[in-house]
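For reference, the structure discussed in these notes is given below.
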Amino acid sequence: MKQNEEIKQVSDLSSLQMLGQGNTAEIYTYENNRILKLFRNGMPLPPIQSEYRMARIIQCSLDFVPKAYELVRYNERYGIIYEQIKGTDLLEIMLRHPFQLDRYARKLAQIHADMHQTEINVQYSVKEKLTRDIDGSEDLTAEEKSKIKLYMEQLPEGSRICHFDYHPGNIMMRDGEPVVIDWMTACTGDAAADTARTCILLQFGELMHASPVMRFVMHFVERRIGTVYEKEYRTITGMTQAEIEQWKLPVAAARLSEWLTEHERQKLQKYIREKLRIIAAA
């Protein structure tokens, strides 16, 4: 391990306030206007180290990202100390102001388009990341994986920074300005792949820790956000629908390697197999 990646031991969380949680981590207050992103039990160290390294690289090139300070360990769990971004995430803002949903969806697209102007070489390319995640899925047959990876070979390479988990919950608004958080999945490649990933998240994504009623409401909210977001992104960048669409099959297949609700997993499997049937018939 590199010297600047020494892991600090955290012995007690009782004095820390939980600010929120997602599928892979909990967020706590920390000292000196910082926060602790504590990953869940079972989350291995290498991808956490990867997020930390990428955050350190990315913060040197982009202004709208939180600073990463150090790696920590609490019992058998690992975490990262980040700059605390005092604000409200864009998803919460959208839910508070439903009649302005389209406006904020367009803002989501503008921030993403601005991000894609930057070229940063991080640890993985888009295709390397997708290949690794597709191989890690237990929901696809070896034949299906092979067909998807073969299809992906003919897609563009690209050199843009891709967040690869870009959605309203990962955009914090601080004093009216956006800060993009959660760079664990960042990679370098075709911007259309990152855009396709956002479209897949908004079309199929479900909150792991939410009531059935909230999941039902969020399904319709996210579908609307996704429709407006994609249209606005294409308007801003001149990217075609076909350029985005061609990435959705491998992106959806890679998504199956993540922690998902069973319902989302089933929807993705159906979508992927329909895409494969269309390709086979072409």
Side-chain angles (χ1 to χ4, degrees), residues 1-2 4-14 16-30 34-59 65-85 89 91 122-124 126 128-140 162-167 169-172 180-187 194 197-198 200-201 204-210 251-265 268:
M1 182 177 297
K2 298 177 183 178
N4 67 343
E5 289 182 14
E6 292 181 359
I7 301 178
K8 176 181 177 180
Q9 188 71 35
V10 175
S11 58
D12 184 19
L13 296 184
S14 62
L16 306 183
Q17 177 187 356
M18 182 188 286
L19 298 174
Q21 60 180 311
N23 289 349
T24 60
E26 298 167 343
I27 308 298
Y28 292 88
T29 58
Y30 203 68
R34 300 178 181 186
I35 58 102
L36 164 61
K37 180 179 180 179
L38 186 64
F39 292 87
R40 297 188 182 278
N41 264 323
M43 189 72 177
L45 180 57
I48 298 170
Q49 288 176 301
S50 178
E51 175 176 346
Y52 175 75
R53 292 169 192 158
M54 285 191 290
R56 300 281 289 183
I57 292 170
I58 291 164
Q59 71 191 34
V65 299
K67 292 179 173 60
Y69 295 108
E70 59 186 335
L71 289 163
V72 300
R73 178 174 178 172
Y74 172 71
N75 294 334
E76 299 303 314
R77 300 169 66 183
Y78 295 95
I80 302 174
I81 304 298
Y82 280 107
E83 171 190 8
Q84 184 175 12
I85 307 301
D89 70 64
L91 179 59
V122 294
Q123 185 174 2
Y124 296 108
V126 163
E128 287 171 336
K129 172 173 174 45
L130 289 174
T131 297
R132 183 187 62 192
D133 290 348
I134 290 167
D135 285 338
S137 169
E138 298 179 357
D139 299 299
L140 299 171
C162 295
H163 184 281
F164 246 64
D165 196 25
Y166 184 87
H167 57 77
N170 276 338
I171 313 299
M172 298 293 293
V180 183
I181 63 172
D182 205 358
W183 289 83
M184 184 178 187
T185 51
C187 45
D194 202 22
R197 163 80 177 182
T198 297
I200 289 293
L201 289 175
F204 295 103
E206 294 184 354
L207 299 175
M208 187 73 72
H209 304 281
V251 164
R255 173 80 170 150
L256 288 174
S257 68
E258 301 173 41
W259 295 349
L260 308 174
T261 66
E262 187 57 33
H263 186 234
E264 180 178 351
R265 192 172 297 281
L268 283 169

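Along the sequence shown, the residues carry numbers beginning at 1.
A side-chain donor-acceptor contact under 3.5 Å links R73 to the backbone of N75. Although no hydrogens or angles enter the test, the distance criterion places no donor-acceptor pair under 3.5 Å between the side chain of E51 and the main chain of T185. R56 places a side-chain N or O within donor-acceptor distance of the main-chain N or O of A68, the cut-off being under 3.5 Å. A donor-acceptor contact shorter than 3.5 Å links the side chain of D12 to the backbone of S14. A donor-acceptor pair under 3.5 Å is absent between the side-chain atoms of D133 and the main chain of R255, judged by distance alone.
Separating the CG atom in L38 from the OH atom in Y74 is a distance of 8.5 Å, to the nearest 0.5 Å. A distance of 16.0 Å separates NZ of K67 from CD1 of I81, quoted to the nearest 0.5 Å. The distance from the CG atom of D165 to the CG atom of L201 is 6.0 Å, given to the nearest 0.5 Å. In this structure, CG in D89 is found 7.0 Å from CD1 in I181, a value given to the nearest 0.5 Å. The CG atom of L19 sits 14.0 Å away from the OH atom of Y30 when rounded to the nearest 0.5 Å. From L268, atom CG reaches atom NE2 of H263 across 10.5 Å, with rounding to the nearest 0.5 Å.
Under the side chain to side chain contact (heavy atoms under 4.5 Å, CB included) rule, I48 has a single partner from V72, I80, I7, which is I80.
Residues N41 and E76 meet the side-chain proximity criterion, which asks for heavy atoms closer than 4.5 Å. Taking the side chain as every heavy atom from C-beta outward, E6 and L71 never approach each other to under 4.5 Å. Side-chain contact between W183 and V65 is present, with heavy atoms from C-beta onward closer than 4.5 Å. Looking only at side-chain heavy atoms (C-beta outward), L36 and I27 stay at 4.5 Å or farther from each other. Between S50 and Q123, the closest side-chain pair of non-hydrogen atoms falls below 4.5 Å. A heavy-atom distance below 4.5 Å is found between the side chains of S137 and L140. Side-chain contact between E128 and C187 is absent, with no heavy atoms from C-beta onward closer than 4.5 Å. Counting only heavy atoms from C-beta outward, the side chains of R77 and M43 never approach each other to under 4.5 Å.
When all heavy atoms of A254 and L130 are compared, the closest pair comes out as CB-CD2, 3.5 Å. A pairwise comparison of heavy atoms in M184 and P47 identifies CE-CB, 3.7 Å as the closest pair. Between V180 and P66, the closest heavy-atom pair is O-CD, 3.1 Å.
Listed by chain and number, the residues in a salt bridge (Lys or Arg N to Asp or Glu O under 4.0 Å) with R34 amount to none (sequence neighbours excluded). Checked against side-chain contact (heavy atoms from CB on, under 4.5 Å), E262 has the following partners two or more places apart in sequence or in another chain: R265, Q266. When the salt bridge (Lys or Arg N to Asp or Glu O under 4.0 Å) test is applied to D182, the partners found at least two apart in sequence or on another chain are K37.
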As a quick check of understanding, evaluate side-chain contact (heavy atoms from CB on, under 4.5 Å) for Q49 and Y78, giving each step before the final call. CA-CA 9 Å; Q49 288 176 301; Y78 295 95; over 6 Å; no

Under the side-chain hydrogen bond (donor to acceptor under 3.5 Å, both in side chains) criterion, do Y28 and E26 qualify, and how do the steps go? CA-CA 7 Å; Y28 292 88; E26 298 167 343; 2.7 Å; yes

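In this structure, R197 forms no cation-pi arrangement with Y166, as its terminal cationic atom is not both closer than 6.0 Å to the ring centre and no more than 45° off the ring axis.
With hydrogens and angles left out, the side-chain atoms of Q84 and T29 include no donor and acceptor closer than 3.5 Å.
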